[in-house]
Amino acid sequence: MAREKILLGLRIFAFMATLAAAIVMGLNKETKTLVVATIGTTPIKATLTAKFQHTPAFVFFVIANVMVSFHNLLMIVLQIFKPKLEIKCFNLISVAILDMLNASLVSAAANAAAFMAELGKNGNKHAKWNKICDRFAIYCDHGGGALIAAFAGVILMLLISAVSISRLLIHSNKSAAASSPSSLAAVL
Amino acid sequence: MVKLTKRIGGLVLRLAAFGAALAALIVMITSRERASFFAVSLEAKYTDMAAFKYFVIANAVVSVYSFLVLFLPEKSLLWKFVVVLDLVMTMLLTSSLSAALAVALVGKKGNENAGWLPICGQVPKFCDQVTGALIAGFVALVLYVLLLLYSLHSVVDPFLLQKT
């Protein structure tokens, strides 16, 4: 019973973390007027915008975090409104498999965005790509915050998967012990 | 008889995943091209980008892990641990593949909003080898997802198919 409460708590945290990451990155936008060139004495100004849609990795980040937070929300709702009735093996294994797949998804999204952010922060001398964080500091800060929330979501999804797998193990050991009384029940 | 087939199937799957991860590692390491234009020669190596270094390290870890698990005896108690480690390796593979893919996409198409020009026009052979390494990494990922489902099924036996 304590296992269910731990799972519920972890899912609530993971839902909040991934939703926060998606929202912060989704609203990430900065507009700046920069001096591009100087002709004579009049400087030419250009208005440049940094949006998250410019980078495909950030678009994937937002979409994946929305999907994972929706998965967590669904599992929370199922756990609250369907309390321990018919815990069949199919329910348990589909929850475990979905948790593992979503853990991989959020890990992929967080890492892709992290490496793109590193490229934006440090640039790349070999490919002659300039860094953009010195001009768009607020954009980079918000992106960094969203990344931290997403990595917290990754760790939480890993813990949730581990708890779901251990629930499966306990259920299968219980069923094996109930069906054949001569076998030993493994203690986890 | 069924058990033997299942065990051989699992071993074949793990050997294939080991081969794919090793192939991705080797192809990425040996990708190197020297291009020269206007008396300036630039060399493109995989160590230029942090994401490609992470890809190499992640695939190396996965290859070593797969090789070690190949020799795990069947009745060992470590199989429950192998399930969780398979999940961790799958997460490592997805993250390294998606990071390398994101950076390779910028190298191929550039990013006009940030003023980043594509580099694939100048070093086409490097780009092709990186693409090959990414494809091998993707194959390794698919095989690892199948391996995860297989080891979950063989350890947990949720449908109680095995009669003890």
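Reminder, nothing fancy here: chain letters follow the sequence lines and each chain counts from 1.
A:Leu168 contributes atom CG, which lies 12.0 Å from atom NE2 of B:His153 (distance to the nearest 0.5 angstrom). A distance of 12.5 Å separates CZ of A:Phe60 from CG of B:Leu105, quoted to the nearest 0.5 Å. For the atom pair OG1 of A:Thr55 and CG of B:Asn113, the computed distance is 8.0 Å after rounding to the nearest 0.5 Å. The line from NE2 of A:His54 to CD of B:Glu112 is 9.0 Å long, rounded to the nearest 0.5 Å.
Environment of NZ in A:Lys29: sparse, with no more than 12 heavy atoms of neighbouring residues, nucleotides or ligands closer than 6.0 Å. The number of heavy atoms from other shown groups lying within 6.0 Å of CZ (A:Phe70) does not exceed 12. More than 12 non-hydrogen atoms from other residues, nucleotides or ligands lie less than 6.0 angstrom from OH of B:Tyr150. Around the CD1 atom of A:Ile138, the shell of radius 6.0 Å holds no more than 12 heavy atoms that belong to other residues, nucleotides or ligands.
In this structure, no portion of B:Leu97 lies under 4.5 Å from any heavy atom of chain A. Of the two parts of B:Asn111, only the side chain, counted from C-beta on, holds a non-hydrogen atom closer than 4.5 Å to a non-hydrogen atom of chain A. Contact annotation for A:Val154: both backbone and side-chain heavy atoms come within less than 4.5 Å of a heavy atom of chain B. Of the atoms belonging to B:Val106, heavy atoms from both backbone and side chain fall under 4.5 Å from chain A.
Between A:Ser104 and the options B:Leu148, B:Thr94, B:Val145, B:Leu141, a side-chain contact (heavy atoms from CB on, under 4.5 Å) holds for only B:Thr94. Of the candidates B:Thr90, B:Leu87, B:Val83, B:Asp86, B:Leu87 is the only one forming a side-chain contact (heavy atoms from CB on, under 4.5 Å) with A:Met100.
Criterion: ILVMFWY side-chain heavy atoms under 4.5 Å apart, direct or through other members. Under it, B:Leu4 and B:Val12 are part of a common hydrophobic cluster. When hydrophobic clusters are built by joining Ile, Leu, Val, Met, Phe, Trp and Tyr residues whose side-chain heavy atoms come closer than 4.5 Å, directly or via intermediates, A:Ile148 is not grouped with A:Val62. A continuous path of hydrophobic side-chain contacts links A:Val59 to A:Leu147 [ILVMFWY only; heavy atoms under 4.5 Å]. No chain of hydrophobic side-chain contacts below 4.5 Å, direct or via other Ile, Leu, Val, Met, Phe, Trp or Tyr residues, connects B:Leu68 to B:Leu72. In the hydrophobic clustering of this structure, A:Ile165 groups with B:Phe81; members are Ile, Leu, Val, Met, Phe, Trp, Tyr whose side-chain heavy atoms approach within less than 4.5 Å, directly or through other members.
Listed by first and then second residue, the ring-ring contact (aromatic ring centres under 6.0 Å, His included) pairs that reach into residues 4-25 of chain B are B:Phe18-B:Phe67, sequence neighbours excluded. The salt bridge (charged side-chain N to carboxylate O under 4.0 Å, His left out) contacts involving residues 94-105 of chain B comprise nothing, where partners must be two or more places apart or lie in separate chains.
Against chain B, no residue from residues 10-27 of chain A qualifies, as none has a non-hydrogen atom under 4.5 angstrom away. Contacts of residues 114-124 of chain A with chain B at a heavy-atom distance below 4.5 Å involve A:Phe115, A:Met116, A:Glu118, A:Leu119, A:Gly120, A:Asn124, listed in sequence order.
Looking only at heavy-atom pairs under 4.5 Å with chain A, the residue among B:Met49, B:Met91, B:Glu43 that has the most is B:Met91. For chain B, the option among A:Ala109, A:Ala162, A:Ser161, A:Ala103 with the highest count of heavy-atom pairs below 4.5 Å is A:Ala103.
Across all non-hydrogen atoms, the minimal contact from A:Trp129 to B:Ile119 is CZ2-CG2, 4.3 Å.
Considering only heavy atoms from C-beta on, B:Lys80 comes within 4.5 Å of A:Leu169 through its side chain.
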